[in-house]
Peer 1: 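Here's a structure for you.
Per chain, numbering begins at 1; letters A, B, ... match sequence-line order.
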Amino acid sequence: MSSESLEKGYEPSGIEEKWYRYWLEKGFFAAQDKSDQKAFSIVIPPPNVTGVLHMGHALNITIQDIMCRYRRLCGDNVLWMPGTDHAGIATQNVVEKNLANQGITRDQLGREKFVEAVWKWREESGGAIINQLKRLGASCDWDRERFTMDQGLSDAVRKVFVRLYRDGLIYQGQYIINWCPRCRTALADLEVDHEEHDSFLYYIRYPFEGSSGGKEGLVVATTRPETMFGDTAVAINPDDERYKSLTETKVRLPLTDRIIPVIKDGYVDTAFGTGALKVTPAHDPNDFNLGETHGLERIKVIDDDGIMTEQAGEKFKGLDRFECRKKAVKELEDLGLIVKTEPLKNSVGHCYRCKTVVEPSLSKQWFVKAGPLAKVAADAVRDGKTRIIPANWAKTYFDWLDNIQDWCISRQIWWGHRIPVWKCLECDQIMVEEVDPDKCSLCGSSDIVQESDVLDTWFSSALWPFSTMGWPEDTELLKTFYPTNVLVTGFDILFFWVARMMMMGTRFMGEIPFKDVYIHALVRDEHGKKMSKSKGNVIDPLKVIDEYGADAFRFTLAVFAAQGRDVRMSQERVEGYRHFVNKLWNAARFAMIHFKDDKENGDGHENASSLPANEMNLKCQDQDATPGGQIYKSDGCGGEADKIAVSQEPDGGINKTDSGNCCCSADCIASMESSCSITEKWILSRSCATAAAVRAGIENYRFNEAAGAIYQFIWHEFCDWYLEAAKPALYEKEGRARRIAVKTVLGKVLKDILLMLHPFMPFVTEEIWNALPMVTGSIMEARYPDCNITGQRFRNTDIEQQMSFVFDLVSSVRNIRGEMNIQPAMQLNVTFCTEDGEEQRLIRENSGLVKNLARLESLYLSETDSVPPSCATAVVKATTIYVSLKGVIDFEKEEQRLEKEIGKVTKELISVSKRLSNESFLDKAPDDVVEKVKEQQQMLQEKSDTLKSNLERIKKMKA
RNA sequence: GGGCGAAUAACUCAGUUGGUAGAGUGCAACCCUUACAAGGUUGAAGUCACAGGUUCGAGCCCUGUUUCGCCCA
């Protein structure tokens, strides 16, 4: 396949792989540790090593890639740091499951062998998601890929643990934590998902100590009767009227022989149940707190597997906790102690990894004292050191940090960073060390053991922005790229990860980890539902890429990534943007036909024309061997230096511009300005405006606006109007100078389009770029169209307004054609009447253009209102358009058309006039607004008058 | 229970200091016009959820209501 003749339809497969490989070979994604260029850095939110690419990743990666590619086009030294996290629980679960298939448990294997098995798994199938990110076109600096279990990152973890411990910010203690009986580990509060469940509220009578049956006692309400064996009190609110006269101080715990006290505490909610609360300090966090203040005993009745302990008594021990609930209720019913049962919706915690119902349980764990760290992290945002975008997420961030609970960081699993704490079995000395000790620091005994727990995965993820750059070493990379410019992530890990990175970054680097946090939307299905395997509404990004191409997919994500809104993804959307890719492709094909025309036409400048043709042939041949290989490396035409490569070319002194295949720089165009028509000036101006809009969109995280701007420009300005307008000149119907000028402008605008679009659609833009004869090298080496200094000189809003008048003339004629059902093949005769000198000039100068685009046989310009017979009419500004329809006019239809138009104008006119007759409007509204409305009124009035007189004329002719 | 957000054309969504509503898709009609039928031209279509308020003027600001979604407890 040669790029010389682009295929009729764009086929992404093959092309994407080709360019991705090429970029990697060329090292275009590599960051410089040290450079004079401006630095720009992002660390990737490390995907879970067990993960597979889903829509959330796709959006996240696409946004980051857009920013990184854009910054490279701006000439920045870009670091996009990739990697994965070791996902302790999830990974251990996966490997355990694999072992289970072979009939092996991890205990049979032993810790060391098991960890080896996990590493082996990670080598074989752990990095799958990394290759999937590459399919998207992610331009990460892959040579720097990191993993949270790497040596360097593990060193960082250990150092941080030891320092926090010595600073008194890490401690070990007996507290209620969330226990997953299936994973057999503690979980942090955040790792518990709460779900509404239909359950029952059981009202159970606890008889008074001295009572002999009957109805005496306190009735407690609970959703968890199985925990009653661990009750060590019943609590009531001292202000509760119902219990004001209560004299009993003890109750008998049913199904046991225990007597427990009645305590009073303002914590008890009088509105819930009966106002009497059973207190189970070992199995409920709030009860635990009550137990602390009242010095209650803690009795654990559910073990680490979710099975009832001996404490539950002979009848119940060994039962599963839910079985026990049923049995206990049955027994209580038999004893007549269940007063009533009512249905209740309550929120039940589940393990976020395996969905098992979490058991709040008393346990000895390691915690991070989060308060002091959280304050600094919150202040960094309050002080504006870090911006959260969109800003409303800052509130959520503050709410969490300001009410933060201590963070349980120990996990009873084997896969992860083992806690660097040792205990001497001789003297009980505790050692917390960066380097493994071999003997007790106190008594010198070598009988020491290391803590068996590992750290929460998020503990290591929290260090990601600096641990990946080499911390604790003081590396060049850190100096150049820390703090990073922006963190891009979904709000679902705002607490898990963002807040914790802020805590650790400020603590250990003394500086925030990122200047901006951009929180993007969640991707949902087309009906707004969260995608999940169980719902079966998951769309696989890889299948989407296979079917529509990565470019179309990425563009779709960008278009729908409006701030603060969820993205609803559906295949049809992607299909729509595949059409857009194809549109661009065909526009480029069209341009290519004209760029290479010289060779085939042999237009009398053999020497001149043979060079670019040869150049292209060489490039194309070469491309088959190594994609985008470069024969000529001329800096002049690379992009940034908008310079003409004239005298540098060894082509016998013949100016490349003469051939028509110059480098299409801004200077080239300036040199042939006299041959440019208003249409060329217009498209150059619009191209400038679009480049600025795309730049602003990307820099302000308004990716949908950037994508929208370029879509609109390419399709509806460049393709719909400019290419159509340029055709006569390109086919040399307006002379040679015109053809060369138009070709040059076409080349310049196409180049700029590719550059603006490249961050969104890297593959197709590179493919087209390499087919262009006027550039060398990769599009990744070029510079973004300069829209602030030299490039901006093409911006001309006067020209834009003039052109919009001309286009309106064309549209009006087309409208008449459409509404009157006149065949496209029929050539029309049109007269434009206007007394406005400027409008006359524009019509005169663009008569060829209008004739061509509106398909006119003849075009007349009349300075006075001379009405041709039998015609349909339209009004644009001060110009009346008469479309002669001698013999074919349908008076009825024309009458209806004019009436409809008059109706529209009248409606507007009424609203405008109403405002102008309102004195307080004239009085209080700003002058420029009033002036604008007045102008509007005048314009509408004139239009209305003209339309009405035309309607009268038609009515007369009809009669 | 606390917090956040959404409600705009048939559908999905834009709408950045308040100036009188836009796009894509879909729909209808016509057209294979020398890049593209994955296309072109034209057209129809909205009480901006509801009720108040501020203002000369509200899709936008304020208050309340309804419906839906999410987060936290």
Peer 1: What's the closest nucleotide to the A:K904 side chain, out of B:rA35, B:rC56, B:rA44?
Peer 2: B:rA44
Peer 1: Is any side-chain heavy atom of A:D284 less than 4.5 Å from a side-chain heavy atom of A:R224?
Peer 2: no
Peer 1: State which of B:rC30, B:rC56, B:rU42 makes the closest approach to the side chain of A:S920.
Peer 2: B:rC56
Peer 1: Is there a side-chain polar atom (N or O) of A:Y731 under 4.0 Å from OP1 or OP2 of B:rA35?
Peer 2: yes
Peer 1: Does the distance from a Lys or Arg side-chain N to an Asp or Glu carboxylate O, for A:K893 and A:E819, drop under 4.0 Å?
Peer 2: no
Peer 1: Would you please indicate if the ring centroids of A:W715 and A:Y711 are separated by under 6.0 Å?
Peer 2: yes
Peer 1: Taking A:R897 first and then A:E894, would you say they form a salt bridge - that is, a charged N and a carboxylate O separated by under 4.0 Å?
Peer 2: yes
Peer 1: Could you check which of B:rU41, B:rA35, B:rU33 has an atom nearest any side-chain atom of A:R855?
Peer 2: B:rU33
Peer 1: Between A:H579 and B:rG39, is there a side-chain N or O to OP1/OP2 distance below 4.0 Å?
Peer 2: yes
Peer 1: Output yes when A:K748 and A:D752 qualify as a salt bridge under the 4.0 Å nitrogen-oxygen rule, no when they do not.
Peer 2: yes
Peer 1: Would you say B:rG40 has OP1 or OP2 under 4.0 Å from some side-chain N or O of A:W721?
Peer 2: no
Peer 1: Given B:rC56, B:rU42, B:rA35, identify the nucleotide with an atom nearest to the side chain of A:P926.
Peer 2: B:rC56
Peer 1: Among B:rG19, B:rA44, B:rG40, which nucleotide has an atom closest to any side-chain atom of A:D720?
Peer 2: B:rG40
Peer 1: Heavy atoms under 4.0 Å, any strand shown: does A:K900 hit a base, just sugar-phosphate, or nothing?
Peer 2: sugar-phosphate
Peer 1: Within this structure, what is the CG-to-C1' distance between A:L916 and B:rG57, rounded to whole angstrom?
Peer 2: 12 Å
Peer 1: Out of B:rA38, B:rA29, B:rG19, which has the shortest distance to the side chain of A:N582?
Peer 2: B:rA38
Peer 1: From the list B:rC56, B:rA35, B:rA44, which nucleotide is the closest neighbour of the side chain of A:A925?
Peer 2: B:rC56
Peer 1: Can you tell me the distance, in whole Å, between the CG atom of A:N815 and the P atom of B:rG40?
Peer 2: 18 Å
Peer 1: Please evaluate the base of B:rC36 for a donor-acceptor partner in the side chain of A:K583 within a cut-off of under 3.5 Å?
Peer 2: yes
Peer 1: Considering only side-chain heavy atoms of A:S911, which listed nucleotide, B:rU42, B:rG19, B:rU20, is closest?
Peer 2: B:rU20
Peer 1: Kindly say if A:K914 contacts the phosphate of B:rC56, meaning a side-chain N or O under 4.0 Å from OP1 or OP2.
Peer 2: no
Peer 1: Taking the side chain as C-beta and beyond, is there a heavy-atom pair between A:Q941 and A:S913 under 4.5 Å?
Peer 2: no
Peer 1: Send over the distance from A:H716 NE2 to B:rG22 C1', rounded to a whole Å.
Peer 2: 12 Å
Peer 1: If you assign each of A:K395 and A:Y577 to its closest nucleotide in RNA chain B, which residue comes earlier from the 5' end?
Peer 2: A:K395
Peer 1: Taking atom P in both B:rA45 and B:rG22, what distance in whole Å separates the two?
Peer 2: 14 Å
Peer 1: Nearest-nucleotide wise, let me know which of A:G576 and A:R817 is further upstream toward the 5' end of RNA chain B.
Peer 2: A:G576
Peer 1: With the threshold set at under 4.0 Å for non-hydrogen atoms, list the residues of residues 698-713 of chain A touching RNA chain B in residue-number order.
Peer 2: A:R702, A:E705, A:Y711
Peer 1: Would you mind telling me which of B:rC56, B:rU20, B:rA35 lies closest to the side-chain atoms of A:K924?
Peer 2: B:rC56
Peer 1: Ignoring hydrogens and geometry beyond distance, is the side chain of A:E724 in donor-acceptor contact with the base of B:rA35 at under 3.5 Å?
Peer 2: yes
Peer 1: Across all strands shown, which nucleotide pairs with B:rG1 by Watson-Crick or G-U wobble geometry, both distances under 3.5 Å?
Peer 2: B:rC72
